[in-house]
Q: 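The structure under discussion is supplied below as structure tokens; questions concerning it will follow.
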Amino acid sequence: MDVYVVVVTAFWAMLPAYVPNNAAVLAGGGRPIDGGRTLGGRRLLGDGKTWRGLLGGWVAGVTVALVLTTVAPDGSDLLGVDLPEFPLAVALAFPLGAMLGDIAASFLKRRTGRERGAPFPVVDQLDFVVVSLLVALVAAPSWFLETFTPGVLAVVLLVTPVLHVLTNVLAYALGLKDEPY
Ligand code: CTP
Ligand code: MG
């Protein structure tokens, strides 16, 4: 299979799952999702997971999915790749899955004694990928299998951690994030 096609498809298909985490950094603040509740003496999720971040991240991801779907036909001609469109169920569920993955990781981090912002290698980089893909698979199985071929999935799993680290270093350098991971 053509590497160019697979890489372009992977990036395009993952954009609605990539954007929410970054949008949450910009939108975040205010009331934490766990409302300050604790479990076993530690916060359930912590102050890094807020309602505003969740909503802002989700809305941003859905918007990206809808915009990409609108421009997919022209984009396909331009790039010479048959770019995937996002059915409404996927446009709604995929970014939500990304945010839920991030929240699940925070839950796991708190249970393993990691304070807010502590690094958790691999989990930090892939939490949102794994959960968003699972949610998309459940929401639209045939769309998922058509879009995320084994080659595309392999590129997603290899390239996402690199992109994640790069965007977080950039957000840190711009003063948007407290830690570069
Ligand atoms: N954020 C938010 N709500 C979310 C996700 C993220 O408000 N649902 C914002 C918070 O300001 C958070 C920042 O985005 O501090 C960076 O997100 P992340 O790295 O996921 O959170 P951390 O602060 O590192 O906390 P954790 O250790 O729980 O991941
Ligand atoms: Mg963090």
Side-chain angles (χ1 to χ4, degrees), residues 1-28 33 45 48-108 122-168 170-171:
M1 216 194 298
D2 191 340
V3 174
Y4 165 74
V5 172
V6 173
V7 170
V8 170
T9 304
F11 186 68
W12 179 278
M14 285 307 290
L15 262 181
Y18 286 155
V19 166
N21 288 293
N22 301 299
V25 175
L26 300 177
I33 294 170
L45 302 173
K49 302 295 113 119
T50 67
W51 287 109
R52 247 169 53 194
L54 171 61
L55 194 70
W58 186 41
V59 168
V62 174
T63 305
V64 166
L66 296 178
V67 169
L68 289 182
T69 297
T70 309
V71 302
D74 284 340
S76 298
D77 288 345
L78 205 69
L79 297 173
V81 177
D82 190 14
L83 298 168
E85 299 180 15
F86 301 90
L88 190 59
V90 174
L92 293 171
F94 199 26
L96 189 63
M99 294 310 290
L100 291 181
D102 178 55
I103 288 170
S106 289
F107 180 80
L108 210 66
V122 185
V123 172
D124 273 335
Q125 283 74 45
L126 288 175
D127 52 13
F128 66 101
V129 181
V130 172
V131 178
S132 64
L133 290 177
L134 284 176
V135 168
L137 172 62
V138 172
S142 57
W143 176 88
F144 182 90
L145 295 174
E146 252 171 59
T147 307
F148 290 98
T149 59
V152 170
L153 270 183
V155 169
V156 167
L157 293 177
L158 284 173
V159 173
T160 304
V162 178
L163 282 176
H164 188 266
V165 170
L166 289 180
T167 49
N168 283 338
L170 182 70

Q: Run the side-chain donor-acceptor check on residues 92-106: report pairs under 3.5 Å with partners two or more places apart or on a different chain.
A:
unit_1: D102; atom_1: OD1; unit_2: K49; atom_2: NZ; d: 3.2
unit_1: D102; atom_1: OD2; unit_2: K49; atom_2: NZ; d: 3.0
unit_1: S106; atom_1: OG; unit_2: K49; atom_2: NZ; d: 2.9
unit_1: S106; atom_1: OG; unit_2: D102; atom_2: O; d: 3.4

Q: May I have the step-by-step check of side-chain contact (heavy atoms from CB on, under 4.5 Å) for F11 and V155, ending in yes or no?
A: CA-CA 9 Å; F11 186 68; V155 169; over 6 Å; no
Q: Looking at residues at least two apart in the chain, or sitting in another chain, which of them share a side chain to side chain contact (heavy atoms under 4.5 Å, CB included) with L170?
A: L174
Q: Looking at residues at least two apart in the chain, or sitting in another chain, which of them share a side chain to side chain contact (heavy atoms under 4.5 Å, CB included) with T63?
A: V59, V67
Q: Would you tabulate the side-chain donor-acceptor contacts of residues 13-23 under 3.5 Å, counting partners in other chains and residues two or more places apart, or write 'none'?
A:
unit_1: Y18; atom_1: OH; unit_2: T160; atom_2: OG1; d: 2.8
unit_1: N22; atom_1: ND2; unit_2: Y18; atom_2: O; d: 3.0

Q: Show the atom names and distances, to 0.1 Å, of all donor-acceptor pairs under 3.5 Å that link a side chain in residues 129-147 to residues at least two apart or in another chain.
A:
unit_1: S132; atom_1: OG; unit_2: F128; atom_2: O; d: 2.7
unit_1: S132; atom_1: OG; unit_2: V129; atom_2: O; d: 3.1
unit_1: W143; atom_1: NE1; unit_2: E85; atom_2: O; d: 2.7
unit_1: T147; atom_1: OG1; unit_2: W143; atom_2: O; d: 2.8

Q: Distance check, rounded to the nearest 0.5 Å: H164 atom NE2 versus T167 atom OG1?
A: 6.0 Å
Q: So V5 and D82, side-chain contact (heavy atoms from CB on, under 4.5 Å) or not? Walk me through it.
A: CA-CA 8 Å; V5 172; D82 190 14; over 6 Å; no
Q: Write down the atom of L68, the atom of W12, and the distance for their closest heavy-atom approach.
A: O-CZ2, 3.2 Å
Q: With rounding to the nearest 0.5 angstrom, report the CG to CG distance, L45 to L108.
A: 11.5 Å
Q: Under the ring-ring contact (aromatic ring centres under 6.0 Å, His included) definition, can you give me all pairs with a residue in residues 49-77, not counting sequence neighbours?
A: none
Q: Show the nearest heavy-atom pair for residues L66 and A91, with the distance to one decimal.
A: CD2-CB, 4.0 Å
Q: Please check this pair: side chain of T69 against backbone of F86, looking for a donor-acceptor N/O pair closer than 3.5 Å.
A: yes
